[in-house]
Amino acid sequence: MKVLRGDFREYGPRISSKDGVVFTVAIKSTTEKASILLFDIKTKKQLHEIELLPEFAVGRVYSVEVTGIEIDKICYLIKEDDKTALDPYCTAIVGRDKWGDIKERQTKEFAVYSGISHVEKKWKDTKVVVAPSDMILYKLHMRGFTAGFNMAASKVGNFNGLLSKKSYLKSMGVTSIELMPLYDFEELFLDNKMLISPKGMITETKEFSGKKNYWGFGIANYFAPKASYFGGASNACEGLRNMVSNLHNSDFEVIMEMAFAAETSDDLILECLKYYVKYFHIDGFHIVGCNAPIGRIASEPYLADTKIFYEFIPEEILCNEKGKKHLFVYNDSFMNVTRQIENHMNGSMVQFANHMRRQNSAYGFVNYMANVNGFSLWDSYSYGEKHNWDNGEDNRDGTNNNYSFNYGVEGKTTNKTINANRFREMRNAFAALMLSQSVPLFVAADEAAATHLGNNNPYCQDNKVGYTCFTKTKSKDSLTSFVKNLIEFRKNHKCLRVESPFLMNDYRHLGLPDMSFHGTEPWMMSIGEEQKALGVLYNGAYVDEEEEVFVCYNFHYDAVDMALPLLAPGKRWRLCFNTAKYTDDFEPKPIHDQQSINVPGNSISVLVGVKPGKR
C-alpha cells in the first residue's frame, strides 16, 4: 500500500485507479492528530491506519491517495484524536443494508462505517425536461408507497417496488415525482447508555429506543444513497442510478427531498446538491428543515437547470432571477387559504382568487391541499383535531393549525351522508388544486382517500398509520377516476396554467381578457366578507386554443345562480362536471340556459365554451 498527496478536487472518497482511492476530509480546528482507519468490509477488522500528515494538507483539509488496496473490500472511519466518526462526505454507508434490522444490528452494537461507491463510473441516461406549466408533482415515501400497495416483500421499501408502479403513475398523469429522503439516514432512534462493569469501568453503548425515524429527517449521511432502498451498500450507487434512468426513460422527473439538519454547513449543502446533479442526474430538490443558503443555491451556475423548491425565498433573490425558471416557492399558503374558505372558517374569497392565479415569469409556486407534515387530504375532512397519541409525545407534536373539519363525526364513520360530504369536499380540493395556475402537488394515495387515522405528524410511524394505503372501495375508485380526469382536463387546457401572470385584460384584442373574475353577475366580482362564490373565465385564444373555460366556485351552503359571460357568436356553454354531482364523466354536456347556471352549495362547476359540432 502506498500513500501520496491527493488532488483535493472533491470531499469524500473518489476512486482514482483500479486499486486506488483519493480521500479528502476536513478536520476540526481543535484536533491534534487525525488519521483514516481502513477496515475489512465483511469482518470489520482494522487493516490500516493512515496518518494525516502536514504534507497532505491545505489548511484543515487533508487529501491522500491510497493505492494498492482492494477498493470493494474495504470501508473506513475518520479518527480525530481518540474519537472515530463517519466521513460526512462518504458515498455509501456500510452496516444498514436492511431496513430496521434491529436484531442483527444489536449484535454489532449498531456500528456503521463509511463506504466507497463507484460514483465516477459513466452511465447512460435520458434527459427529461418538463416545463413548469406541464408539471404534475406527486410526493411519496419509498417505503410507505411500496408497502401501501400490498406488494411482495421483495419489493417493499426499495426502488424495484416504485418502478413496478410506473404505469399507475403514468395513468394518473404524473410528470414529476418528489421522493422523501433517499440518502442514508439512521432509521433507528438510538439512545446512548452508560454501562458500569463490576470493577467500576464505565463504557458507553447504544440502545434502540423503540422508535423509528420513518421519514428520515435530521442528521444523516447526505452523500450516500440509502443502502436499504437500493440493494445494499455495495449496490446503492448503481441502484439509485438505475431508478433515475428507468424513471427518465418513462419521462418522469426525479425530485429529491433534502431535509438537512439545522447544523449542516452551507458548504456541505451546496456540495451535496451539486453532487446529486453531477453523479445521479437529479432534476430538482425540495429543501426542508434548515436555513438553507438559498441565495448561493439560486445563483450557483451548476444548478441553473435544476429545479429548486423552498418554503421561503427572499424577494430580493426572486426579483433578480433571469433566464430559465428554476426557483419555486413551496409552502402551505394555498392549502391554508383554500381549506379556510372550503371548511367555512372565515376564509377570504379575495385571498382564494389571488392564490388561484399565483404566477411569475421568472419564478414559480407549488400549490397543494395536503402534505406529509399535516393531515392527509381525507383526514382534513374527517378530523377536527389531531390524534398523534402513537408518537410517544402525548399529542404535543404536529401543527395545531389544520383548518380541518370532521363534518359531523370525528374519524371513521358508516354514515352515508357524512361520507358523501367528505368525498364532495375531496373533489372540491382536487378541483381547486388542478385548476390553479401554479404547479399542483398531491401526496401519494390522497387520490385514493388514504388516512393516517388523524395523525398529522407520522414521522415515526413505520406501520399502517404512516404508510400510504391504497384500499379499494367504489367511492375511492371514483375519486381516483375524478383526479385522473381533472389532470387530463388541465393538460388539455393550457389557458389554465400559463407560465406568466395573467394581466386580466384583453391586451391582444381577442374579444375577452386572458382571465377575468365574475360574481353572481358577469364581470362583477363582489368583495364583501359574506361573498363565497366566484366565477373565473379563461380565454383559450390567448394560448391558441378554441375553447373558453369558465369555473364557478360556490362555497356557500346553499345553491347559487351564477351568470354566464356572453360568448362569441356561434359558441355555446357546455357543462363538463360539477363536484357535487360527479358521475365519472367529464364529457361536455349541452345546457339549455346559456344565461346562468345553478351551482349547488359547496361545489364547483366547470364549463367550456365551444362551437357545436366541434365536440
* To do: Inspect the contact between Glu187 and Lys212 and indicate whether a charged nitrogen and a carboxylate oxygen are less than 4.0 angstrom apart.
  => no
Within the 3.5 Å criterion, strictly below it, is a donor on Tyr89 or Glu271 matched to an acceptor on the partner's side chain?
no
The side chain to side chain contact (heavy atoms under 4.5 Å, CB included) partners of Lys98 (sequence neighbours excluded) come to Asp101
Problem set entry | Lys155 atom NZ: more than 12 heavy-atom contacts under 6.0 Å | no
For the aromatic rings, using the six-membered ring if either is Trp, is the centroid distance between Tyr214 and His141 under 6.0 Å?
yes
When every non-hydrogen atom of Pro225 is compared with those of Phe230, the smallest separation belongs to CB-CD1, 4.1 Å
Residues passing the salt bridge (charged side-chain N to carboxylate O under 4.0 Å, His left out) test with Asp332, sequence neighbours excluded, are none
Would you verify whether the NZ or CZ of Arg241 falls within 45 degrees of the ring axis of Phe280 while also being under 6.0 Å from that six-membered ring's centre?
yes
Task: Backbone N/O of Pro181 and side chain of Lys226: donor-acceptor pair under 3.5 Å - done: no
Quick check: Tyr62 with Phe56 (ring centres under 6.0 Å apart)? no
Does Asn291, at its CG atom, have more than 12 non-hydrogen atoms belonging to other residues, nucleotides or ligands within less than 6.0 Å? no
Interatomic distance, SG@Cys319 vs CG@Asn360, rounded to 0.5 Å, equals 8.0 Å
Q) Ignoring hydrogens and geometry, is there a side-chain-to-backbone donor-acceptor pair from Glu311 to Asn331 under 3.5 Å? A) no
The salt bridge (charged side-chain N to carboxylate O under 4.0 Å, His left out) partners of Asp7 (sequence neighbours excluded) come to Arg9
Could you check whether Glu109 pairs with Lys206 (Lys NZ or Arg NE/NH1/NH2 to Asp/Glu carboxylate O, under 4.0 Å)? no
Side chains of Glu51 and Ser35: do they bring a donor and an acceptor to under 3.5 Å?
no
Separation between OG (Ser164) and CG (Asn158), nearest 0.5 Å, reads 9.0 Å
Across all chains, not counting sequence neighbours, the side chain to side chain contact (heavy atoms under 4.5 Å, CB included) partners of Ala147 are Val156, Tyr467
Close aromatic pair by centroid cut-off 6.0 Å: Phe309 and Phe285: no
Side chain Ser209, main chain Asp191, donor-acceptor under 3.5 Å:
no
Sequence neighbours excluded, the answer for side chain to side chain contact (heavy atoms under 4.5 Å, CB included) partners of Thr451 is Trp378, Asp379, Tyr383, Leu453
Verify the neighbour count for atom NZ of Lys170: are there more than 12 heavy atoms of other residues, nucleotides or ligands below 6.0 Å?
yes
For Tyr330, the ring-ring contact (aromatic ring centres under 6.0 Å, His included) test, sequence neighbours excluded, returns His286, Tyr368
Q: For the pair Trp215 and Phe217, name the ring-plane relationship: parallel under 30°, tilted 30 to 60°, perpendicular over 60°.
A: tilted
Ring centers of Tyr113, Phe39 separated by less than 6.0 Å
yes
Strictly under 6.0 Å, is that where the ring centroids of Phe365 and Phe328 end up? no
Smallest heavy-atom separation, Lys278 atom then His281 atom, equals O-CD2, 3.8 Å
Do any N or O atoms from the side chain of Thr43 and from the backbone of Lys45 form a donor-acceptor pair under 3.5 angstrom? yes
Donor-acceptor contact present, side-chain Arg497 to main-chain Lys491, <3.5 Å:
yes
Practice item. Would you check, one step at a time, whether the test side-chain hydrogen bond (donor to acceptor under 3.5 Å, both in side chains) holds for Asp462 with Trp99? Key: CA-CA 11 Å; Asp462 183 26; Trp99 173 275; 2.9 Å; yes
Any carboxylate oxygen within less than 4.0 angstrom of a Lys/Arg side-chain nitrogen, looking at Glu393 and Arg396? no
Residues passing the salt bridge (charged side-chain N to carboxylate O under 4.0 Å, His left out) test with Lys127, sequence neighbours excluded, are none
Are any of the side-chain nitrogens in Arg96 or Glu186 under 4.0 Å away from the carboxylate oxygens of its partner? yes
Hits for salt bridge (charged side-chain N to carboxylate O under 4.0 Å, His left out) against Lys325, two or more places apart or cross-chain, chain-then-number order -> Glu499
Heavy-atom check, side chain of Ser245 versus side chain of Lys124, under 4.5 Å | no
With sequence neighbours left out, the residues meeting ring-ring contact (aromatic ring centres under 6.0 Å, His included) with His452 are none
For residues 252-263, tabulate all N or O donor-acceptor pairs below 3.5 Å that involve a side-chain atom, not counting sequence neighbours.
from   : atom 1 : to     : atom 2 : distance (Å)
Glu253 : OE1    : Ser176 : OG     : 2.6
Glu253 : OE1    : Lys307 : NZ     : 3.1
Glu253 : OE2    : Lys307 : NZ     : 2.7
Glu257 : OE2    : Lys139 : NZ     : 3.0

Contacts of Lys386 meeting side chain to side chain contact (heavy atoms under 4.5 Å, CB included) (sequence neighbours excluded), chain-then-number -> Phe375, Asn388, Asn395, Asn400, Asn456
Contacts of Tyr168 meeting ring-ring contact (aromatic ring centres under 6.0 Å, His included) (sequence neighbours excluded), chain-then-number -> Phe149, Phe470
In this structure, CD1 of Ile177 is separated from CG of Leu137 (nearest 0.5 Å) by 9.5 Å
- Query: Can you tell if the side chain of Asp72 reaches within under 4.5 Å of the side chain of Ser234, non-hydrogen atoms only?
  - Reply: no
Donor-acceptor contact below 3.5 Å, side chain Thr175 vs main chain Ile136:
yes
- Query: Quick one: does Arg358's side chain get under 4.5 Å of Ser333's, heavy atoms only?
  - Reply: yes
Lys/Arg N to Asp/Glu carboxylate O, Asp267 vs Arg296, below 4.0 Å
yes
